[in-house]
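All remarks here apply to the structure that follows.
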Amino acid sequence: MDAIKSVIIDCDPGIDDSLALLLALKSPELKVVGITTVCGNVPAELGAQNVLKVLALAGRLDIPVHVGAKTPLRVPYTSAQDTHGDDGLGNSQLPAITTVTVGSDAVAFIIATLTAAPTTAILALGPLTNIAQALQQQPAVFKQVAQFTLMGGSYRSHGNCSPVAEYNFWCDPDAAQLVFDQLPVPIQMVGLDVTRQIVLTPSLLEYMQAINPVMGRFIKKITRFYFDFHWQQERVIGCVINDPLAVAVMLEPTILTGFSAYTAVVATDDVARGQSIVDDHEFWQRPHNSLVETRVDVAAFWRLFLTRVAGAAEPELSATLHQLKVVGA
């Protein structure tokens with residue numbers, strides 16, 4: 001096993017964020033030193049409460065949680081509660097966690113953590129408002145970040161909230177633009193091109209319930225709403241779970257492949273708002289600021305997720321993935 005990687009997770013839970021948190025918390029390669037929330041899928045305060053629910057399930061309420069930006073840098077805030085439910089967890093109405101107090105300044109936590117431990121990795125699963133604000137205040141603390149991975153953007157795929165934009169970048173385009181323009185370390189971009197291939201199907205959900213009833217019931221409870229949304233909007237049987245793939249590539253880098261390029265984000269509030277533009281033909285001749293992931297090993301992702309989150313084991317796991325016709329199994 002490689003050395004344990006310390007990581008801050010900045011997120012907006014959200015159904016798929018919650019699944020990503022479970023994967024990170026169940027993976028010994030990662031030491032989650034703190035979780036910060038940002039307005040995105042749900043308001044930042046509600047996101048923090050959802051983080052606590054996931055931490056309680058995982059038995060990790062020792063991890064500090066800090067609430068961050070409540071509005072984007074400039075544009076009005078538009079949540080994605082139509083996609084994730086009013087409570088952000090599929091209207092599951094899970095009981096609130098009242099035994100833990102959350103912090104109130106995510107940006108200060110990010111800066112303090114990177115000051116004390118400069119090589120801490122960052123995993124950004126929501127709009128980039130917190131990261132942009134920290135970068136504006138103390139750009140130097142990001143110079144030694146060991147890895148900066150985000151779920152966001154799209155290379156050669158249509159958007160999910162406009163013809164050209166992925167939600168995290170669209171929600172706060174100014175923050176995304178600032179981070180891509182100013183972050184002093186490369187950005188690993190896990191965009192819609194690859195995350196759309198990670199579909200939690202009814203059969204995979206049934207398998208998780210069969211081998212791990214507690215975890216399976218939780219995932220079924222929070223994804224039912226997501227299943228319905230995907231069928232109504234995209235005629236997908238199941239639901240796309242974007243964010244867990246960004247965790248997976250931190251654990252197993254070979255799950256994704258891509259290429260290095262200069263990427264820019266459109267911040268104008270018009271039809272191109274939040275569009276990520278990848279200069280794959282070197283028109284601008286600018287230094288590369290991103291690793292744009294383009295291909296995913298779907299079977300490897302599901303092996304990792306099901307092993308860690310649901311406790312699946314071989315040889316049954318391989319046989320099940322083959323039976324369910326998971327790509328590459």
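These numbers come from the heavy atoms of this one structure, side chains and all, not from hydrogens, waters or symmetry mates.
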Can a donor-acceptor pair be found between the side chains of His288 and Glu282 at a distance below 3.5 Å?
yes
Is it true that Ile211 and Val214 fall in one hydrophobic cluster, defined by side-chain heavy atoms closer than 4.5 Å?
yes
Side chain to side chain donor-acceptor pair (under 3.5 Å) between Ser157 and Asp193, intermediate numbers included:
CA-CA 5 Å; Ser157 175; Asp193 306 75; 5.1 Å; no
Residue of the set Phe229, Phe227, Trp231 for which side-chain contact (heavy atoms from CB on, under 4.5 Å) holds with Cys239
Phe227
Does the side chain of Met151 reach to within under 4.5 Å of the side chain of Thr195, using non-hydrogen atoms?
yes
Do Ile219 and Leu324 land in one hydrophobic cluster if side-chain heavy atoms of ILVMFWY residues count as linked below 4.5 Å?
yes
Kindly determine whether Tyr167 and Asn41 satisfy side chain to side chain donor-acceptor pair (under 3.5 Å), including the steps that lead there.
CA-CA 9 Å; Tyr167 172 77; Asn41 291 327; 5.0 Å; no
Which heavy-atom pair separates Pro244 from Leu23 by the least distance, and what is that distance?
O-CD2, 3.6 Å
Nearest heavy-atom neighbours spanning Ala299 and Leu321
O-CD1, 4.3 Å
Does the ring pair (Phe, Tyr, Trp, His ring centres under 6.0 Å) test come out yes or no for His84 and Phe225, once each step is laid out?
CA-CA 7 Å; His84 293 265; Phe225 185 95; 8.5 Å; no
Just one of Leu114, Thr149, Leu150 clears the side-chain contact (heavy atoms from CB on, under 4.5 Å) bar with Ile122, so which one?
Leu114
Give the C-alpha distance, both sets of side-chain angles, the deciding distance and a yes or no for side chain to side chain contact (heavy atoms under 4.5 Å, CB included) between Leu19 and Ile222.
CA-CA 10 Å; Leu19 298 177; Ile222 69 172; 4.2 Å; yes
Got a second to check how far Gln144's CD is from Thr115's OG1, nearest 0.5 Å?
10.5 Å
Compare all side-chain heavy atoms of Gln197 with those of Val327 and state whether any distance is below 4.5 angstrom.
no
Does either side chain, that of Thr129 or that of Asp172, offer a donor lying less than 3.5 Å from an acceptor on the other one?
yes
Using the ring pair (Phe, Tyr, Trp, His ring centres under 6.0 Å) rule, take Phe169 and Phe180 through it: C-alpha gap first, then chi angles, then the decisive distance, then the call.
CA-CA 11 Å; Phe169 289 9; Phe180 273 83; 5.6 Å; yes
Less than 4.5 Å apart, any side-chain heavy atom of Asp87 and any of Ser92?
yes
Below 4.5 Å, heavy atoms only, C-beta onward: do Leu256 and Arg295 meet side chain to side chain?
no
Asp279 side-chain N/O to Arg286 backbone N/O, donor-acceptor pair under 3.5 Å
no
Side chains of Asp12 and Pro127: does their closest heavy-atom pair fall under 4.5 Å?
yes
Is any side-chain heavy atom of Val51 less than 4.5 Å from a side-chain heavy atom of Ile9?
no
Would the distance check show the side chain of Asn91 and the main-chain N or O of Asp86 forming a donor-acceptor pair, the cut-off being under 3.5 Å?
yes
Look at the side chain of Asp280 and the backbone N and O of Ala261, then say whether any donor-acceptor pair between them is shorter than 3.5 Å.
no
Please answer whether the main-chain N or O of Thr254 pairs with a side-chain N or O of Glu252 as donor and acceptor at a distance below 3.5 Å.
no
Does some side-chain heavy atom of Pro186 sit less than 4.5 Å from a side-chain heavy atom of Asn289?
no
Is the backbone of Val107 close enough, under 3.5 Å, to the side chain of His66 for a donor and an acceptor to pair up by distance?
no
Are a donor atom and an acceptor atom from the side chains of Gln323 and Tyr207 found within less than 3.5 Å of each other?
no
So, Asn168 side chain and Gly152 main chain: donor-acceptor pair closer than 3.5 Å or not?
no
Please tell me if the side chains of Thr223 and Leu205 come closer than 4.5 Å, counting only heavy atoms from C-beta onward.
yes
Are Lys26 and Met215 close enough, and set up right, to give a side chain to side chain contact (heavy atoms under 4.5 Å, CB included), and what steps lead you there?
CA-CA 12 Å; Lys26 296 289 186 179; Met215 189 63 71; 4.0 Å; yes
Donor-acceptor contact below 3.5 Å, side chain Lys53 vs main chain Leu94:
yes
Test item: side-chain donor near acceptor, Arg273 and Thr268, under 3.5 Å
no
Checking the side chain of Gln275 only, and the main-chain atoms of Val265 only, is there a donor and an acceptor separated by less than 3.5 Å?
no
Hey, is the main chain of Ser154 close enough, under 3.5 Å, to the side chain of Ser276 for a donor-acceptor pair?
yes
For a quick check under 3.5 Å, do Gln81 and Ser79 share a side-chain donor-acceptor pair by atom type?
yes
Charged N to carboxylate O under 4.0 angstrom, Asp269 versus Arg74?
no
For a quick test of your reading: what N or O donor-acceptor pairs under 3.5 Å do the side chains of residues 300-309 make, sequence neighbours left out?
from, atom 1, to, atom 2, distance (Å)
Arg303, NH1, Glu314, OE2, 2.9
Arg303, NH1, Ser318, OG, 2.7
Thr307, OG1, Arg303, O, 2.6
Arg308, NH1, Ser27, OG, 2.9
Arg308, NH1, Glu29, OE1, 3.0
Arg308, NH2, Glu29, OE2, 2.8

